[in-house]
2 protein chains.
Amino acid sequence: MDLRHLRYFVAVAEEENIGRAAARLHISQPPLTRQIQQLEEELGVTLFIRTPRGMELTQAGELFLEEARNIRALVEQATERTQRAGQGKLGRLDVGIFGSAILDAIPKLLLAFRNRYPDVKVVLHTMTKAEQIEALRQRRITVGFNRMLAPLDDIGVCQVGTEGLLVAIQADHPLARQPVVRFAELQHHPMILFPTGARPSFIDRVIGWCTESGFQPQISQEVGDAVTGVALVASGFGICLVPDSATTLQFPGVVYRALSDTPPNFLVDLSCIYRKDDQSPLLAAFMETVDAFRTGDRKH
Amino acid sequence: MDLRHLRYFVAVAEEENIGRAAARLHISQPPLTRQIQQLEEELGVTLFIRTPRGMELTQAGELFLEEARNIRALVEQATERTQRAGQGKLGRLDVGIFGSAILDAIPKLLLAFRNRYPDVKVVLHTMTKAEQIEALRQRRITVGFNRMLAPLDDIGVCQVGTEGLLVAIQADHPLARQPVVRFAELQHHPMILFPTGARPSFIDRVIGWCTESGFQPQISQEVGDAVTGVALVASGFGICLVPDSATTLQFPGVVYRALSDTPPNFLVDLSCIYRKDDQSPLLAAFMETVDAFRTGDRKH
DNA sequence: CTGCTCAATACCTCCAGGGTATGATCCAGC
DNA sequence: GCTGGATCATACCCTGGAGGTATTGAGCAG
């Protein structure tokens, strides 16, 4: 059996007349007669009663008509859905993120993506930089977000944006009295650093800036992410350099202060990574959205 | 697209290797390659990633695989169901019956049919002889049951069985004192006759028997069926000749008595009727069951 | 009986599905 | 680094079957 047989059968059943059905199918009558005969023979069932006025469905034919219509509709639907999936408009996108990325850029980006591709199910996985790379290679995720990413042979990097830095200070701390803190002043206060895990990381960046400014930071704690860091600031463990977006975290007893006299390149980046050989239309769709987001962002 | 494409696609998706899939499909590798390419081209979607180790499904391919399997299963199911319908094992059988036929033969017959063809839905319609014939011609029913059926040009008749007759009498009636009633004794008592409607009917039969026995019956009432007749007997309207199976009706105040000295051929038949040109496998299945029932019945 | 309307049959053509042979890549092992 | 094996892709041929035209056969109405 063949989808053609179903199409022909439905036409004949609906027209109740081989000639008209043939016209509707843009073929001539004899081939259609033969196809119907073939179908009946293959099924071993009489589907039509031939009358001098046309073709009339048998009971078995009635049943087969329902089934045939159903199958044809499903084929239609399958092609349509597959095409949408092929255009990246349908499917599932697994995204690796890190703790504090959720604070600013990622939600906006994902919102933009959802608006463009509402039928793509986005699944977020919190994981470290190293875990993200492993997950990418194992295809458990399609894109990952992190900071300070170095390109690799098989992993591509695309910078999404940059953020400035603030210092998070306990509210009753002496430094909190000033509206702006000079970077060098940080040297006298214990500092909370993050993230733990694979180096080089933001920690090395911070230590580098201190060194450039002529001092060694007093390291109080190393913690997993900015959220934990700010929580420890609230508990009085020290001060903590955080990206601008951390101001979303309004812990009681924590204030954020801008910095002056900062070392050059006093920024952190946010980048996304993906498998270079990934041809998935979903990735393409997502990267396109990322691109639009970057240019949109720069306009502000 | 074609069911072949689906079959091939599923094979390749499952084997993840065109060569092995081709072997499984008993074709050679190049045509299979082409069919897959055609499918991809027709859908406009890349379904596989070609690797040096074989074929790997894309996300769109995964989705299409599900759909394809589903469609193939439905096609399978559709052919199977249609074949069962073509053998009369699946479908709906509309049966015309008359009031009192439900008392004996019909339930047994339908039970036998249900056992043989459990997936055929039997729908009963109570209608008169004339209505049955009209309904047969209009295809509203496939078989009808009645008594004293004459064959027609387009309607076939098949006798299912015969029944003897009893007389239903009010319990305190003088005749009720005798264990057996002589037929000629009926002449002195008002008689309830049935059925109303198309003649000739059982009424003419009864009048004929009376005439043969040398008397005119005193007609008390003409009613629709045996059930109503016996109900009127209980109410004292007279006596009523009924088929044996009417003893199923145990009205308080009604007794049944056998008859002696009866006229020749003192029997009623039960027959079924059907459209002579009906080739439906359901009818064939039913008539086969009727046949088995008749021979089974005669053995008793 | 004739003309009309169906479906079925006979016969032809040509394309597409299947076959064989070969190419293009990639990887493993010497 | 070359060679052999595995895999998919390409080139080309052949044949079955889908589709076409012409015709027959069978009911039915006038």
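Naming: A, B, ... by sequence-line order, numbering from 1 per chain. Side chains are part of it too, since the values below use all heavy atoms of this structure and drop only hydrogens, waters and symmetry mates.
Looking at B:Glu42 and B:Gln38, their side chains never bring a donor and an acceptor atom within 3.5 Å of each other.
The side chain of B:Arg34 contributes no N or O atom lying less than 4.0 Å from OP1 or OP2 of C:dG17. For B:Asn17, no side-chain nitrogen or oxygen approaches OP1 or OP2 of D:dA6 to under 4.0 Å. Using a 4.0 Å cut-off, some side-chain N or O of B:Arg50 falls inside it from OP1 or OP2 of D:dA9. Note on B:Gln37: a side-chain N or O is less than 4.0 Å away from OP1 or OP2 of D:dT10.
Among the nucleotides C:dA7, C:dT20, C:dG17, the one closest to any side-chain atom of B:Gln38 is C:dG17. Side-chain proximity of A:Ser28 to the nucleotides D:dT7, C:dC27, D:dG20 is greatest for D:dG20. For A:Tyr8, whose side chain is taken as the heavy atoms from C-beta onward, the closest listed nucleotide among C:dG18, D:dG19, C:dC6 is D:dG19. The listed nucleotides are D:dT10, D:dG19, C:dA10; the one nearest the side chain of B:Pro30 is D:dT10.
Contacts of A:His26 with the nucleic acid, taken as non-hydrogen atoms under 4.0 Å apart, involve only primed sugar atoms and P, OP1 or OP2. Looking at heavy-atom distances under 4.0 Å, B:Pro31 makes contact with a base.
A:Asp278 approaches A:Ser280 most closely through the heavy-atom pair OD1-N, 2.8 Å. Nearest heavy-atom pair, A:Leu270 versus A:Arg147, reported as atom, atom and distance to 0.1 Å: CB-NH1, 4.1 Å. Residues A:Ala13 and A:Leu65 share a closest heavy-atom pair of CB-CD1, 3.8 Å.
One can place CD1 of A:Ile49 at 15 Å from C1' of C:dA7, the figure rounded to the nearest angstrom. For the pair B:Leu25 CG and C:dG19 P, the computed distance is 10 Å after rounding to whole Å. Per the geometry, CD belonging to A:Glu41 stands 13 Å off P belonging to C:dA8, to the nearest Å.
Looking at which nucleotide of DNA chain D each of A:Arg53 and A:Gln35 is closest to, the 5′-most match is held by A:Gln35.
A salt bridge links B:Arg69 with B:Glu14: at least one charged nitrogen is closer than 4.0 Å to a carboxylate oxygen.
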